Amino acid sequence: MDEQGWVSASEQYNDDGAIESVREDIPSAARSCSAENQLRPPADYDGAVRIATLAAGFDWTWYIEKDLQRFCDAAGWSITGSTEYGDDLRTDLRIQSRSAKVGFVKRMFDDIRIPVTDRLDQSLPWEQMRTALADTFAAFADRLIDALGPPTRREPDEDGTLLWDRHRVWIRLEVGVRDIRLHLVSWEWQATADAEAKYHAGDW
């Protein structure tokens, strides 16, 4: 474990207790699932696990004409709108926020952004909103770790974004401003994001 409290990839996979150590390393705010907190947004935990498992085993090329409809068919989704910049998708998740977004780069796409909870009311006090989202994130993390194993890594950010590296896809679980999201992103997208993060941190 480094000085910031993050578990490295090698530590995550060392022994049979690795999964529990990863769970315990979720930032403490995300483990404070108190009985008083009744503010969690409606969420589809099983649906998120199903999407992540499907994405992990999918044969990705990231070409629009080869993958997008094929993935939607496998997931039971539909394409509801299209522009030169991307598509709108209708998911089958058991929440009201069923609109996912796809970003295009010429003939390819590089990410699918999927809300797995409804959005919290923006009138909620900021601290209550962040606590509710942290609790919900922890619950999603537990289920995805059970399905996918320990995350490949986590981002050293306030919310502790979790990432799983699978064949030609990164599966990201992250906290949005008012909801929890899964992102399915290409290796190329993630490599570009990592390079930009290093540049802004002066680590290049």
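It should be emphasised that the depicted structure is a prediction, and the values quoted were computed from it without experimental measurement.
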Check your understanding: With sequence neighbours left out, which residue pairs that include part of residues 54-64 fulfil the salt bridge (charged side-chain N to carboxylate O under 4.0 Å, His left out) condition?
Key -> none
Check your understanding: For the side chain of Arg154 and the backbone of Pro151, is there at least one donor-acceptor N/O pair under 3.5 Å apart?
Key -> no
Exercise for review: Would you confirm whether Asp118, through its side chain, and Ser97, through its main-chain N or O, come within 3.5 Å as a donor-acceptor pair?
Suggested key: yes
Exercise for review: Return yes if a side-chain donor-acceptor contact under 3.5 Å exists between Thr117 and Asp179, otherwise no.
Suggested key: no
Using residues 45-54 as the side-chain source, report each donor-acceptor pair under 3.5 Å to any protein atom, sequence neighbours left out, with the distance given to one decimal.
residue: Arg50; atom: NH1; partner: Ala75; partner atom: O; Å: 3.3
residue: Arg50; atom: NH2; partner: Asp92; partner atom: OD1; Å: 2.7
residue: Arg50; atom: NH2; partner: Asp92; partner atom: OD2; Å: 3.0
residue: Thr53; atom: OG1; partner: Val49; partner atom: O; Å: 2.8

Point to revise | Sequence-distant partners of Asp165, salt bridge (charged side-chain N to carboxylate O under 4.0 Å, His left out), two or more places apart | key: none
Point to revise | salt bridge (charged side-chain N to carboxylate O under 4.0 Å, His left out) pairs, two or more places apart, involving residues 72-90 | key: Asp88-Lys101
Check your understanding: Side chains of Trp164 and Leu173: closer than 4.5 Å at any heavy-atom pair?
Key -> yes
Check your understanding: Listed by chain and number, what are the salt bridge (charged side-chain N to carboxylate O under 4.0 Å, His left out) partners of Arg172, not counting sequence neighbours?
Key -> Glu155, Glu174
Point to revise | Asp67 bridged to Arg70 by N-O distance under 4.0 Å | key: yes
Review point. Just wondering, do Leu148 and Ile171 contact through their side chains at under 4.5 Å, heavy atoms?
Key: yes
Study note, to complete from the structure: When Val102, Val105, Thr192 are each screened for side-chain contact (heavy atoms from CB on, under 4.5 Å) with Asp110, the one that passes is Val105
Exercise for review: Kindly say whether Ala132 contributes a backbone atom to a donor-acceptor pair with the side chain of Arg40 at under 3.5 angstrom?
Suggested key: no
**Study point:** Pairs touching residues 96-128 that satisfy ring-ring contact (aromatic ring centres under 6.0 Å, His included), sequence neighbours left out
**Key:** Trp62-Phe109
